[in-house]
> 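Dropping the structure in here first, questions after.
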Amino acid sequence: MRLSTRATYGMRLCFMLALSKTPLSASQLVKQTDVSLKYVEQLLRLLRTGNIVESYRGKQGGYVLAREPHNITVRDMLDAVDDGFVAPACVGGACDDLYCPNRIVLDKISSGINDVLGGVTLADMINDCRAGCGSDK
């Protein structure tokens with residue numbers, strides 16, 4: 001499975017919002033990601049539409065998570081940026097070949113990936129990073 005830059009940066013934005021005690025503006029997120037303002041705004045729009053982030057106007061405004069980090073899964077974030085895992089055609093019996101040698105193994109792979117995407121939360125990502133991000137492990 002390969003994640004797009006949209007998925008990678010979308011999850012990174014969520015991660016940064018989860019760590020922040022105050023709302024972050026799009027320009028603050030640009031400085032932290034080194035991504036263009038236009039792209040950050042596009043991702044934030046998708047995340048807002050997907051009920052992952054909320055935006056507030058005004059001097060103290062900016063973006064915050066719409067839910068607590070333990071209530072946002074990796075699947076939620078990927079779905080919001082329209083980059084969820086799509087299984088191959090033969091998974092789930094959509095393939096016409098009754099003797100497809102790939103079906104069983106692809107069903108297992110798809111099931112495993114979907115379990116991880118739905119079972120890992122933003123809070124888990126934060127905890128994992130605090131335990132080992134940036135280390136030489």
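One-based numbering along the sequence shown. Predicted model only: the values in this text are computed from it and were never measured.
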> Quick check: is Phe15 connected to Val64 through a chain of hydrophobic side chains (ILVMFWY, heavy atoms under 4.5 Å apart)?
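No, separate clusters.
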> Can you list the residues that meet the side-chain hydrogen bond (donor to acceptor under 3.5 Å, both in side chains) rule with Ser25, with sequence neighbours excluded?
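Ser25 satisfies side-chain hydrogen bond (donor to acceptor under 3.5 Å, both in side chains) with Ser27, Gln28 only.
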> Measure the shortest side-chain to side-chain distance between Thr5 and Tyr39 over non-hydrogen atoms and say whether it is less than 4.5 angstrom.
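Yes, close enough: below the 4.5 Å cut-off.
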> Which one of Leu17, Leu24, Leu47 satisfies the side chain to side chain contact (heavy atoms under 4.5 Å, CB included) criterion with Tyr63?
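With Tyr63 as partner, Leu17, Leu24, Leu47 yield a single side chain to side chain contact (heavy atoms under 4.5 Å, CB included), made by Leu17.
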> Using modelled atom types and a 3.5 Å cut-off, is there a donor and acceptor pairing between side-chain atoms of Ser20 and backbone atoms of Met16?
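It does not hold such a pair.
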> Give the minimum heavy-atom separation between Val81 and Gly10, together with the two atoms involved.
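Smallest interatomic distance, heavy atoms only, reads CG1-CA, 4.3 Å.
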> Atom CG of Leu29 and atom CZ of Arg12: how far apart are they, to the nearest 0.5 Å?
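Result: 11.5 Å between the selected atoms.
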> Provide the closest heavy-atom pair for Ile126 versus Ala18 in the form atom of the first, atom of the second, distance.
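Looking at all heavy atoms of both residues, the shortest contact is CD1-CB, 3.4 Å.
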> Might you point out which heavy atoms bring Met77 and Cys14 nearest each other, and give the distance in Å?
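Smallest interatomic distance, heavy atoms only, reads SD-CB, 3.5 Å.
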> Measure from the side-chain N and O atoms of Asp124 to the backbone N and O of Thr121, and report whether any donor-acceptor pair falls under 3.5 Å.
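Between the backbone of Thr121 and the side chain of Asp124 there is a qualifying donor-acceptor contact (under 3.5 Å).
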> Would Asn114 and Ser111 count as a side-chain hydrogen bond (donor to acceptor under 3.5 Å, both in side chains) if you check the C-alpha gap in whole Å, the side-chain angles of each, and the deciding distance to 0.1 Å?
CA-CA 5 Å; Asn114 283 315; Ser111 177; over 6 Å; no
> If you round to the nearest 0.5 Å, how far is CG of Leu46 from CG of Asp79?
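If I round to the nearest 0.5 Å, the distance is 12.0 Å.
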> Atom CD in Glu41, atom CZ in Arg45: separation rounded to 0.5 Å?
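So the CD of Glu41 and the CZ of Arg45 are separated by 7.0 Å.
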> Locate the shortest heavy-atom distance separating Val40 from Ala26; write the atom from each residue and the value.
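Answer, listing the atom of Val40 first, then Ala26: CG1-O, 4.0 Å.
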> Taking the side chain as every heavy atom from C-beta outward, state whether Gln60 and Thr22 have any pair of such atoms under 4.5 Å apart.
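No; the side chains remain at least 4.5 Å from each other.
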> Tell me, please, which residues at least two apart from Asn71 pass side-chain hydrogen bond (donor to acceptor under 3.5 Å, both in side chains).
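With sequence neighbours excluded, Asn71 shows a side-chain hydrogen bond (donor to acceptor under 3.5 Å, both in side chains) to no residue whatsoever.
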> Do Leu13 and Val35 come close enough that some side-chain heavy atom pair is under 4.5 Å?
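No, side chains not in contact.
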> Can you list the residues that meet the salt bridge (Lys or Arg N to Asp or Glu O under 4.0 Å) rule with Arg67, with sequence neighbours excluded?
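Partners of Arg67 by the salt bridge (Lys or Arg N to Asp or Glu O under 4.0 Å) criterion, ordered by chain and then number, come out as Asp76.
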> Please report the interatomic distance CG(Leu78) to CZ(Arg6), rounded to the nearest 0.5 Å.
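Answer for the CG-CZ pair, Leu78 versus Arg6, is 10.5 Å.
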> Are the side chains of Ile52 and Ile72 in contact, using a 4.5 Å heavy-atom criterion?
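Side chain of Ile72 against side chain of Ile52, heavy atoms only: contact under 4.5 Å found.
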